[in-house]
Amino acid sequence: MKVVSWNVNSIRARYDRVLNWLDANEPDVVCLQELKCQDGDFPYDAFSSLGYMCSVYGQKSYNGVAILSFDEPKDVVRGFGDGVDDPQARTIAATIDGVRIVDLYVPNGGKVGSDKWRYKLTWYDRLVRWLGAHCDPTQPLVVCGDFNIAPEDFDVARPDRWRDTAMCAQPGRDALARVVDWGLVDTFRQHHTEGGHYSWWDYRPPGFKGNDGLRIDQIYVTPSLAEACAAAGIDIEEREDRPGSKASDHAPIWADFEID
DNA sequence: ATGCCCGGACGTTCCGGA
């Protein structure tokens, strides 16, 4: 089972490019973030032509997540359902071929200390509680998406430049660590122990050309799936503009599992 | 110290992104 996670920065602006990538790579499960459209505007037909079923949790202009799969998605859940009045569409979960898939778009956080920053930290706390209430570290589980946190300095090309931002500030890293400590393994780090690998580059200079990258997109799994993870990677070629096809500011990340 | 580049929208400038 091949799983990909990709913050596409508008599915309507990106769907031809995403389609081409899916056609070439044939992942079994596709977790998308930042759809920036309502459910009714999602390009279902384009993806169904490649054989994908689409579970969508959209929102006008902002946020929005979706899980695409060849196999029928079961027990689809949108949002945390934790009683908090939160209109932001940032999480969707589904069971695909016996594997629970959780697709997340973690809040950006704005400036450290702002209301958005507090929302981000609170959101991480809600995620930990949600995992505790609805998931089990012994089950086959994928928790992936745009976490908007670079876990360590060697996940950042220029750590001094980013140190005190919402991507790197210690309270955010601590919040992410509490999610991982619940019982998850970073599939990319299983296969790449060295630094210097990134999944996001700002559109603004120095950006991709200046390699001012951060590794803020992750595919975490429970230990039973980690044992089955044969390979993981980041397709940085997809961060490059092509004629008539602009790139998202995020590259797709993927993990391959050998499961029956 | 700030903008740079993008996408979306009650659009012709703004907000949010990370």
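Just so we're on the same page: letters track the sequence lines, and every chain starts at 1. All of these numbers come straight from a predicted model, not from anything done at the bench.
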Below 4.0 angstrom, N of the basic side chain to O of the carboxylate: do A/D86 and A/R126 qualify?
-> yes
Please confirm whether A/W200 and A/W162 have ring centers closer than 6.0 angstrom.
-> yes
Toward the 5' end of DNA chain B, which comes first, A/P206 or A/W162, by nearest nucleotide?
-> A/P206
Atom CZ of A/R161 to atom P of B/dC4: distance rounded to whole Å?
-> 14 Å
Say you pick atom P in B/dC4 and the same atom in B/dC15; how far apart are they, in whole Å?
-> 13 Å
Which nucleotide in the list B/dG17, B/dA9, B/dG7 gets nearest to the side chain of A/N9?
-> B/dG7
For B/dG11 and B/dC6, measure between their P atoms and round to the nearest Å.
-> 23 Å
Report the distance from atom CG of A/N63 to atom P of B/dC15, rounded to the nearest whole Å.
-> 18 Å
Between A/K36 and A/Q88, just flag the one whose closest nucleotide in DNA chain B comes earlier from the 5' side.
-> A/K36
Across the strands shown, which category fits A/L214 at heavy-atom distances under 4.0 angstrom: base, sugar-phosphate, nothing?
-> nothing
Nearest listed nucleotide, side chain of A/S10, among B/dC4, B/dG7, B/dG16 = B/dG7
C1' spacing across the pair B/dC10 / B/dC14, given as an integer number of angstrom = 12 Å
What is the nucleic acid contact for A/N148, judged by heavy atoms within less than 4.0 Å: base, sugar-phosphate only, or nothing?
-> sugar-phosphate
How would you label the contact of A/N7 with the nucleic acid (heavy atoms, under 4.0 Å): base, sugar-phosphate, or nothing?
-> sugar-phosphate
Report yes if a side-chain nitrogen or oxygen of A/R14 is closer than 4.0 Å to either non-bridging phosphate oxygen (OP1 or OP2) of B/dG7; otherwise report no.
-> yes
Reckon A/F147 touches a base, only the sugar-phosphate, or nothing at all at heavy-atom distances under 4.0 Å?
-> nothing
Using the C1' atom on both, measure B/dT12 against B/dG7 and round to a whole Å.
-> 16 Å
Phosphate OP1/OP2 of B/dC6: any A/R239 side-chain N/O under 4.0 Å | no
Are A/K60 and A/D41 close enough for a salt bridge, meaning some N to O gap below 4.0 Å?
-> no
A/K111 NZ - B/dT2 P separation (whole Å) | 7 Å
Considering only B/dG16, B/dG17, B/dG8, which nucleotide approaches the side chain of A/Y62 most closely?
-> B/dG16
salt_bridge(A/D82, A/R129) N-O dist < 4.0 Å = no
Gap between atoms CG and C1', on A/D202 and B/dT2 respectively (whole Å) | 14 Å
Name every residue in residues 163-182 of chain A that has at least one heavy atom under 4.0 Å from any atom of DNA chain B, in order of residue number, or write none if there are no such residues.
-> A/M167
Charged N to carboxylate O under 4.0 angstrom, A/R215 versus A/D186?
-> yes
Within this structure, what is the NZ-to-C1' distance between A/K209 and B/dC4, rounded to whole angstrom?
-> 13 Å
Would you say B/dC10 has OP1 or OP2 under 4.0 Å from some side-chain N or O of A/K60?
-> yes
In whole angstrom, what separates A/Y119's OH from B/dG16's P?
-> 14 Å
What interatomic distance, in whole Å, is found between C1' of B/dG3 and the corresponding atom of B/dG16?
-> 16 Å
Would you call A/R178 and A/D181 a salt bridge, using N to O less than 4.0 angstrom?
-> no
When the distance from OH of A/Y203 to C1' of B/dG8 is rounded to whole Å, what number comes out?
-> 13 Å
Should A/E238 and A/R17 count as an ion pair when the cut-off is N to O under 4.0 Å?
-> yes
When you get a sec, tell me which of B/dG7, B/dC4, B/dG17 is the closest nucleotide to the side chain of A/A13?
-> B/dG7
Under 3.5 Å side-chain donor-acceptor pair for A/Q33 and A/S5 = yes
Which nucleotide in B/dG8, B/dG17, B/dG7 has an atom nearest any side-chain atom of A/R90 | B/dG17
Rounded interatomic separation in angstrom, taking CD from A/E34 and C1' from B/dG17 = 6 Å
Electrostatic pair A/D249:A/R239 at N-O distance under 4.0 angstrom = no
